[in-house]
Amino acid sequence: KRFAVQGEKWKYTNLTWSLSSSRRPSQLDPHVTRSVLARALDVWQQASRLTFTEVNSDDADIVVSFAKRYHDDAYPFDGRGSILAHAFFPGSGRGGDAHFDDDELWLLQPKNDDEDGTSLFAVAAHEFGHSLGLSHSSVKGALMFPWYQGIQPNFVLPEDDRNGIQQMYGSKETERKWGKIPYYRPIETPPPTTTTTTTTTTTTTRRPYIHHHHNTHQGHHPNHRPYTPYPRNPNLYPKYYPEKPSSPERPTYPERPTYPDRPSYPDRPSYPDRPNYPDRTNVPTYYPERRHYNATEEHPRRNHNHYPRPTETTTQTTTYRPRYPHIRPEYPTYPRANSPSDPRYKPHYPVKTTAKPRLTPTRAPQHTTPAPDKPDACNTNYDAVALIRNELFIFKNKYHWRIGASGHYPNYPIEINRMWTELPRNLTHVDAVYERPDRKIAIFVGKELYLFDSQYLVTGYPKRLRELGLPESLEKLDAAMVWGHNGKTYFYSGSVYWKFDEDVGRVELDYPRDMAMWKGVGYNIDSVFQWKDGKTYFFKGRGYWKFNDLRMRVEQERQLPSAPFWMGC
Amino acid sequence: ASSAAPTRSDRSTHHSKSVRSYLQNFGYLKKGQPEMANLLMGDVAQSYEDDFRIAIKTLQEFGGIPVTGEIDEATKELIKKKRCGRPDREEGDIEDGRRK
């Protein structure tokens with residue numbers, strides 16, 4: 001029985017926190033709430049080298065928010081009672097955040113526990129343990145014990161929790177003995193002159209790091225000031241506030257290049273006149289004139305041999321009718337304007353080259369000036385990217401590009417529903433596309449899934465997303481792929497993802513899960529697919545990440561621009 | 001008339017179902033186990049029964065109450081207690097079954 005370290009930890013020790021501006025407690029005073037949260041963080045600060053600074057931004061490391069029931073993560077609340085709150089382990093985006101059930105009756109001042117209500121301080125201190133990387137502990141009385149135990153008036157962090165946090169971040173004593181350890185996030189004071197520092201200046205303005213030394217714990221220090229969080233009075237602490245840098249002049253950009261005039265084209269070749277059609281007067285008719293038979297005459301149709309065979313000598317005066325009416329007589333052939341012998345011959349189909357297929361797509365046809373609503377291949381993000389029949393399809397708005405072994409197909413992008421005609425006629429975009437293991441093509445448009453067997457819509461489709469086991473509230477998918485690493489299908493949307501069981505046709509039960517699992521790609525991706533090289537590529541905005549399946553993280557933090565590599569711009 | 005009033009086994013089945021979802025939510029039992037109702041289907045039921053019992057024992061041990069493997073009063077009280085929403089066992093955080 002001892003504390004448990006989950007595995008994730010913060011890379012630095014001067015952390016920031018904030019109370020979410022959009023999800024505040026509906027029944028508590030925000031100012032008093034913030035002071036209780038600050039005290040809960042101080043419990044961990046006193047026991048380790050960590051420091052916590054409140055900032056007024058939702059970009060803080062630890063964002064505290066209050067929500068009810070389902071609040072678009074994998075841990076819905078359940079109203080008053082039972083589940084009180086939860087928090088995420090350290091990481092980017094949602095990592096470190098703590099969510100509290102707004103249906104609970106939160107107590108801001110510790111009272112004795114037999115009354116109704118739950119101490120916010122006790123629960124916050126526990127959740128911040130998760131935010132720092134600690135899992136639940138089975139030691140009864142430990143702060144990280146999963147069940148609520150109330151709070152003692154003179155609360156001191158139990159030993160089990162102290163051991164846990166000091167194993168991860170070191171203790172204050174070591175800091176006093178050895179000085180600051182490189183885990184401290186440097187305070188950036190940019191030199192005012194170079195333009196590149198403009199961006200770092202931006203960083204600075206976003207997060208002035210002020211080393212507070214909280215002494216609120218006892219609250220009875222002779223020169224203790226009441227806790228007045230950020231922003232502080234700059235006159236009082238001049239040396240902590242760097243001067244606001246004056247923004248440098250905008251750089252002047254060179255004039256746009258002027259394009260050369262269009263080349264004048266040679267006159268169009270004159271074609272011979274159209275041939276006039278042969279006269280039709282002596283074309284044999286296929287059917288005899290209709291004859292009327294009076295009552296006494298025998299009607300030929302009544303006895304079956306009323307059609308004399310050509311070999312039979314007949315004395316009838318009806319004209320000869322061939323037995324196979326659908327064979328037409330030969331018409332004169334027209335001079336073919338573009339037969340190979342004609343010097344003006346230009347083949348109208350792509351000429352197959354025998355060049356070796358290249359892995360990287362070739363340049364998109366530059367000479368085509370896109371139609372006004374067509375996306376510019378070299379300056380766009382993508383709605384979906386998929387490998388279908390070993391060819392790369394890139395979707396944007398209602399168009400798509402197609403890149404085969406010999407590079408870009410000419411005359412692309414074309415409209416998506418020219419290839420998949422049974423998609424909605426007023427299609428504006430697709431959300432996700434992937435080729436299933438059974439080689440059918442799944443195209444997600446909003447809340448619907450269209451399944452195609454090559455170009456043909458499979459009966460029973462489109463289907464609603466909820467039929468796949470996805471939540472009714474889900475508006476759309478961001479991406480879908482079959483992950484080569486384990487051959488399973490994954491759906492992505494917002495900050496969560498699902499694993500889809502192709503055999504059952506529904507997502508697996510213990511999903512959705514948080515996107516933090518796919519380290520480095522963040523939330524709200526545009527697309528993901530498995531390329532021919534067996535690597536996984538995530539797309540977001542105009543860039544992409546190459547993903548390392550074994551290490552479950554992107555190969556490099558910075559995105560690479562998509563246009564040069566995938567569109568050959 | 002008997003179908004109208006829940007029988008003892010119905011009540012225990014219903015009770016087990018809420019306990020099963022509690023065990024699955026907090027990481028003691030993997031989600032997606034076969035439905036409780038067809039427990040009588042041979043050894044699958046038996047192995048499931050074992051998993052279920054092991055999960056209850058693990059919960060009782062973690063919660064610091066007597067380990068019986070049964071859904072006794074202490075276990076019911078523990079399940080009703082207020083608690084954190086994070087699972088107690090984090091296997092669920094590992095993709096494709098690899099342990100950290």
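So you know, we letter chains A, B, ... as the sequences are listed, proteins then strands, and number each from 1.
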Using non-hydrogen atoms and a 4.5 Å limit, figure out which bit of A516(A) sits close to chain B: side chain, backbone, both or neither.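 Neither part.
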E508(A) versus chain B, the contacting section by heavy-atom distance below 4.5 Å: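 The answer is neither part of E508(A).
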Shortest non-hydrogen separation from P87(B) to Y75(A) and the atoms involved: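 The pair with the smallest heavy-atom distance is CD-CE2, 3.8 Å.
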Could you check if a side-chain atom of F26(B) sits within less than 4.5 angstrom of a side-chain atom of P146(A), using non-hydrogen atoms only?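 Of all side-chain heavy-atom pairs linking P146(A) with F26(B), none is under 4.5 Å.
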F77(A): what forms a ring-ring contact (aromatic ring centres under 6.0 Å, His included) with it, not counting sequence neighbours?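 Testing F77(A) for ring-ring contact (aromatic ring centres under 6.0 Å, His included), a comparison that skips the adjacent residues, returns H71(A), H86(A).
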Evaluate whether atom CD of E467(A) has more than 12 neighbouring non-hydrogen atoms of other residues, nucleotides or ligands under 6.0 angstrom away.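 More than 12 within 6.0 Å, yes.
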How far does CZ of R83(B) sit from CD1 of I83(A), to the nearest 0.5 angstrom?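 Separation between the atoms: 7.5 Å.
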Spacing of C84(B) atom SG and W147(A) atom CH2 [to the nearest 0.5 Å]: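 Going from the SG atom of C84(B) to the CH2 atom of W147(A) covers 10.5 Å.
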Quick one: list whatever passes salt bridge (charged side-chain N to carboxylate O under 4.0 Å, His left out) with D478(A), sequence neighbours left out.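 K476(A).
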Any sub-3.5 Å donor-acceptor pair from R86(B)'s side-chain atoms to S135(A)'s backbone N or O?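 Checked: no pair found.
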